[in-house]
Amino acid sequence: MYADLYSAVISGIRAEIVRVEIDISNGLPGFSIVGLAGKTVRESAKRVRSAVVNSGFHWPMKKITVNLAPGDVQKYGSHFDLAIAVCLLICSKQINIKNKSKYLFAGELTLNGDINRVKGILPMLLEAKNKGIKKAVIPLENAAECNLVQNTEITFLQNLKEIDNLNNIKGSKTKIKNNTLRLNRNKIPDINSIRGQKTAKKAVMIAAAGRHNLLLVGPPGCGKTMLAHSIVKLLPLLNKEELIEVASIYSIKDKLRDLDINNRYRPFVAPHHSITSAGLIGGGKIPVPGEISLAHKGVLFLDELPEFKNKVLSNLREPLENKKIKIVRQQASFIFPADFQLITAMNPCPCGYAGLDDNRCSCSERDIARYQKKLSGALKDRIDLQIELLPLKSDDIFKKNTEQQYNYLKKIEQAVLAQKDRYKDLNISYNSQLSIENIEKFCPLDSDAENILKQAVENLQLSMRGYIRLLRVARTTADLNKNKNIKSNDLLEAVNLRWYAEKSEMLL
């Protein structure tokens, strides 16, 4: 007796369709799984047997062979349990499912037959849809992420015994009900609620408008973290394609509840400084996406930047340039997307108070130099905006803000539209994506600005990368000021926001 149906396996950030085949033949009773099955798949034998029996079905006392095709693709994950159990019941003629070739099955079984949630359901459903499989049977606990999949009939099960009535169940979808999303949204600060720090607010606005990387340097309590978080509400919302792409990554990591699907806010990922290289960029025996991929199309915030290990920070260079990371293993190589905006924050010294007039700093010059050298020049050169914050004065603390957030949003929106219109024939959308070939075409300067640029290159000893990034920021400031060409004020503002105050004074 033979039967087959479809499941899927995650490979990188996408899914591959897997055909689950079962043959029941005469011989010594046994259960074997072939087809490059990993340890978690081989363990399903005991789970499937107990689930089948405890759900009211009988276990065939014959030789049972399970094949997962194609045989050259590594299979892993407990989600094959449901497909194997259902295929076994079909093969032993205990149930009959009409048009079973149009279904995708995925779910983990418990010993009593309950069906648990599994990772990666969203990319599985999307790949099944691309292959013409328009129906799916998945755990009820995975219902929330199915709202992003259109034109697919989905049936949610809680226990294996419910499969007997599959032909009489009409597919349904359940909307997300997650109160934590609302709580997380309320925790995002509005930029107009932040007291003082006018220059830093301008830097955040420029970063949001042109998707520039940003470094905030200042003593504890000056508002660095709040400024970094406030950018979430200033960034353009995720469009439908971006939302599905980002949600697929979160589905693989089983962190979809951390993504604000309802408001389509861009992801904001803030890993602790103790994170490992594999945790940041991805990896493992079977590579999975890291934190930089969770920040795809959003923001990666590294607080207390010098506290991160140098080896970890050095891994950011490639994805900052290429917008992706390649993980190579013996059996295959995996490419994970990493198109993120980097925002970092740090103290000027170990104690945090270097440079202040009140002599609170207890660090030696050697300690300060060693602390600041933890941020390598190669990484620093990839950060477009680098500003220094000072502690708030008493007037700033007690003075109520009169600025309105819609002023920031309105300027950012018109700058984003200007960029999209300018680059409509190119494969870019923001000024931060300009290459050296496009700088001269899209960054015209007036005569005064040209003279300032020459002085900046000479006095600040700009590298070619620094030169390009300076013009990218100047292009964004010009867009915010509604200037077609980059004027002297636009370039001066870019210089001030690119370097610390003491370095800018060399030019100004």
Side-chain angles (χ1 to χ4, degrees), residues 202-216 292 299-300 313-325 338-344 375-387 415-416 418-481 483-500 503-504 506-508:
K202 184 65 179 292
V204 171
M205 181 173 67
I206 293 174
R211 286 203 71 190
H212 300 287
N213 300 327
L214 173 64
L215 169 63
L216 302 169
I292 62 173
V299 175
L300 177 69
L313 293 179
S314 64
N315 288 320
L316 290 175
R317 299 179 191 177
E318 178 188 343
L320 281 173
E321 293 294 332
N322 301 328
K323 308 301 181 184
K324 59 185 178 182
I325 186 69
D339 183 9
F340 60 89
Q341 181 176 0
L342 179 64
I343 297 183
T344 62
L375 178 57
S376 68
L379 178 60
K380 193 174 180 180
D381 206 27
R382 287 170 168 82
I383 300 178
D384 301 352
L385 300 166
Q386 303 171 19
I387 66 168
V416 170
Q419 293 171 75
K420 290 186 176 180
D421 182 63
R422 184 188 304 124
Y423 309 129
K424 59 184 177 182
D425 297 327
L426 302 176
N427 190 28
I428 61 176
S429 301
Y430 298 96
N431 293 326
S432 60
Q433 299 170 314
L434 282 173
S435 63
I436 182 61
E437 294 80 7
N438 297 323
I439 286 290
E440 294 182 358
K441 179 179 180 181
F442 296 110
C443 298
L445 290 84
D446 60 22
S447 57
D448 291 339
E450 287 182 357
N451 293 330
I452 294 174
L453 180 60
K454 291 178 182 178
Q455 295 179 53
V457 173
E458 181 178 351
N459 295 344
L460 298 177
Q461 299 179 353
L462 292 179
S463 66
M464 193 61 191
R465 183 182 288 115
Y467 166 80
I468 294 172
R469 292 188 180 279
L470 178 61
L471 285 179
R472 289 173 177 173
V473 175
R475 179 66 270 176
T476 301
T477 57
D479 288 337
L480 289 168
N481 295 329
N483 294 331
K484 184 176 181 180
N485 294 341
I486 298 175
K487 297 185 177 181
S488 58
N489 289 338
D490 301 324
L491 189 58
L492 285 173
E493 189 171 17
V495 172
N496 278 311
L497 295 175
R498 166 76 178 156
W499 302 98
Y500 295 137
K503 292 185 178 179
S504 297
M506 296 173 58
L507 176 65
L508 303 179

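Residues: numbered from 1 along the sequence shown.
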**Prompt:** Under the 3.5 angstrom rule, does the side chain of Asp490 hit a backbone N or O of Ala474 as a donor-acceptor pair?
**Reply:** no
**Distance-only side-chain donor-acceptor flag, Asn481 / Asn489, under 3.5 Å** = no
**Fill in**
One should read off an interatomic distance between Lys484 NZ and Arg422 CZ, to the nearest 0.5 angstrom, of 10.5 Å
**Asked** Do Asp479 and Thr476 meet the criterion of a side-chain donor-acceptor pair at a distance under 3.5 Å?
**Response** no
**Prompt:** Is Ser488 close to Glu450 at the side-chain level, that is, under 4.5 Å between some pair of heavy atoms?
**Reply:** no
**Item:** Euclidean distance, Lys441 NZ relative to Leu426 CG, rounded to 0.5 Å
**Value:** 6.5 Å
**Prompt:** Of all heavy-atom pairs between Asn431 and Arg472, which one has the smallest distance, and what is that distance?
**Reply:** O-CG, 3.4 Å
**Request:** First locate atom CG of Leu434, then atom CD of Glu440, and finally report the distance between them rounded to the nearest 0.5 Å.
**Result:** 12.0 Å
**Complete:** dist Arg211:CZ -> Gln433:CD (nearest 0.5 Å) comes out at 7.0 Å
**Message:** Atom NZ of residue position Lys323 - does it have more than 12 heavy atoms of other residues, nucleotides or ligands inside 6.0 Å?
**Reply:** yes
**Prompt:** Which pair of non-hydrogen atoms, one from Gly210 and one from Gln419, has the smallest distance, and what is that distance?
**Reply:** CA-OE1, 3.9 Å
**Message:** Name the residue from Thr344, Leu320, Leu215 that meets the side-chain contact (heavy atoms from CB on, under 4.5 Å) definition with Leu379.
**Reply:** Leu320
**Prompt:** Atom CG of Asp448 and atom CG of Leu453: how far apart are they, to the nearest 0.5 Å?
**Reply:** 12.5 Å
**Request:** Would you mind listing every salt bridge (Lys or Arg N to Asp or Glu O under 4.0 Å) that reaches into residues 454-468, with sequence neighbours excluded?
**Result:** Glu321-Arg465, Asp381-Arg465
**Request:** Would you mind listing every ring pair (Phe, Tyr, Trp, His ring centres under 6.0 Å) that reaches into residues 443-468, with sequence neighbours excluded?
**Result:** none
**Message:** What I'd like to find out is whether the side chain of Arg469 reaches to under 4.5 Å of the side chain of Arg382, using heavy atoms alone.
**Reply:** yes
**Message:** Any non-hydrogen side-chain atom of Ser432 less than 4.5 Å from a side-chain atom of Gln341?
**Reply:** no
**Message:** Any heavy-atom pair between the side chains of Leu470 and Val457 that's under 4.5 Å?
**Reply:** no
**Item:** Test item: Asp446 and Asn485 side chains (from C-beta on) under 4.5 Å apart, heavy atoms
**Value:** no
**Item:** Least distance between heavy atoms, Arg475 atom then Pro444 atom
**Value:** NH1-CD, 4.0 Å
**Asked** Is the shortest heavy-atom distance from the side chain of Phe442 to the side chain of Ile428 under 4.5 Å?
**Response** no
**Prompt:** Looking only at heavy atoms, which two atoms of Val495 and Ala456 are closest? And how far apart?
**Reply:** CG2-CB, 4.5 Å
**Request:** Give, for atom CG of Leu497 and atom CD of Gln386, the distance between the pair rounded to the nearest 0.5 Å.
**Result:** 10.5 Å
**Message:** Looking at every heavy atom in both Pro319 and Phe340, which two are closest together, and how far apart are they?
**Reply:** CB-CE2, 4.0 Å
**Sub-4.5 Å side-chain heavy-atom contact between Leu313 and Leu316** = yes
**Message:** Quick one, Ile325 and Asn315 - any side-chain contact, counting heavy atoms below 4.5 Å?
**Reply:** no
